[in-house]
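Just so it is clear, the values below take in all heavy atoms, side chains as well, and ignore hydrogens, waters and symmetry mates.
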Amino acid sequence: MEKIIVSRSIPQPFKDQLEAIGQVEMWDESLIPMPRNQFLEAIKDATACLITLSEKIDSEVIKAAPKLKVIANMAVGFDNIDVPLVNSKGITVTNTPDVLTETTAELGFTLMLTVARRIVEAEKYVQNGEWQSWGPYLFAGKDLSNANVGIYGMGEIGKAFARRLKGFDTKIMYHNRSRNKDTEKALGALYVPFDTLLEHSDFIICTAPLTEETRNKFNAQAFEKMKNDAIFINIGRGAVVDEEALVYALQEGQIAACGLDVLREEPIDMAHPLLSMDNAVIVPHIGSASVTTRNRMIQLCVDNITLVLNNQYAKTPVNLK
Ligand code: GLV
């Protein structure tokens, strides 16, 4: 008998599909993660689990789960999972690439324009009853048209972001682990060293996953190299940024503003200095959050679990290169 753990509440039609293949134990909350001790208990006799980024899959979980065959992570990123360890036990790990690409790029674009045009500050100003008249420089922001835009991480989301820039007559630079000449041709993007990206970009968009190579990539030295009026957007992973260095850069005017969908600690500590800064816009990790895309992500997890439990290859296994 298969047993499938689902660590957050998902709509009934998806649960029904899982129930057709085994017993389902679902945590019935959508905003609160399943407590770790309950997860460790539930996983003991589970053959599959559908999890979110909140569940850390480490040696403690793997030790507790001798029957586990598949972990379906409802995210494209999988830094919450010790993939080499899990794979060494013959357990399949799957993620949700592609289905969320366009939605996540749209959130990145939304954040970029929101920060550039100071929308959050302006809206608060109206709500607070401070609007008295039209002012020549009232909430004057920054143009995207004709700007140099630097993309750090030219994977699928980076490319989707670059495609959206085309209508704004921007110059696109990118830096990535590897160079992709087809992308350069298709998108008119220029491959540059990381320092050049920092020094010449008016907007920097980080779409990079968290790896040992990208951890703390945006540190004090990086912010120091950026233009003083640069806008930094992060839709990759929080730990790619040294947040203390970011706070310092914003306070000291090394850069102008930032927009973050991802933080080192999620949810953010309400005492975090970024929360008191007008030039930092923070949203709660909602890159892929459109209803259609979230449905597609859950369906892909369900498909992957179904395939593996039927002794077939998963659609989107995570294979570390
Ligand atoms: C979200 O951050 C994801 O990796 O899908």
Ignoring hydrogens and geometry beyond distance, is a side-chain donor-acceptor pair present between [X] and [Y] at under 3.5 Å?
{"X": "E184", "Y": "N180", "value": "no"}
{"X": "N37", "Y": "E41", "value": "no"}
{"X": "E265", "Y": "H272", "value": "no"}
{"X": "E55", "Y": "S7", "value": "yes"}
{"X": "T214", "Y": "R237", "value": "no"}
{"X": "Q312", "Y": "N310", "value": "no"}
{"X": "N146", "Y": "T170", "value": "no"}

* To do: Answer yes or no for K142 and F203: cation-pi contact, defined as NZ/CZ to six-membered ring centre under 6.0 Å and angle to ring axis within 45°.
  =>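 The answer is yes; both the distance and angle limits are met.
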* To do: Taking side chain to side chain donor-acceptor pair (under 3.5 Å) as the test, write out the residues that go with E2, two or more places apart.
  =>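 With sequence neighbours excluded, E2 shows a side chain to side chain donor-acceptor pair (under 3.5 Å) to T47, K69, given in chain and number order.
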* Any side-chain heavy-atom pair of D261 and N234 under 4.5 Å ->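 In short, these two side chains do not touch, never coming nearer than 4.5 Å.
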* Residues that E130 engages under side chain to side chain contact (heavy atoms under 4.5 Å, CB included), provided they are two or more places apart ->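 Testing E130 for side chain to side chain contact (heavy atoms under 4.5 Å, CB included), a comparison that skips the adjacent residues, returns Y125, N128.
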* To do: Answer yes when E213 and R177 have at least one side-chain N-carboxylate O distance shorter than 4.0 Å, and no when they do not.
  =>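 Salt bridge absent between E213 and R177.
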* Salt-bridge test for E212 and R215: reply yes if a basic N is under 4.0 Å from a carboxylate O, no otherwise. =>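 Yes, charged N to carboxylate O under 4.0 Å.
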* Test of ring centre spacing under 6.0 Å for F168 and F109 ->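 Ring-ring flag for F168/F109: true, centres closer than 6.0 Å.
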* To do: Decide if the gap between the ring center of F218 and the ring center of Y152 is smaller than 6.0 angstrom.
  =>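 Yes: the rings meet the under 6.0 Å criterion.
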Keeping [X] on the side-chain end and [Y] on the backbone end, is there a donor-acceptor pair under 3.5 Å?
{"X": "N148", "Y": "H200", "answer": "yes"}
{"X": "K227", "Y": "E199", "answer": "no"}
{"X": "S201", "Y": "L198", "answer": "no"}

* Taking everything shown except E244 itself, do over 12 heavy atoms lie less than 6.0 Å from its CD? ->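 No, not enclosed.
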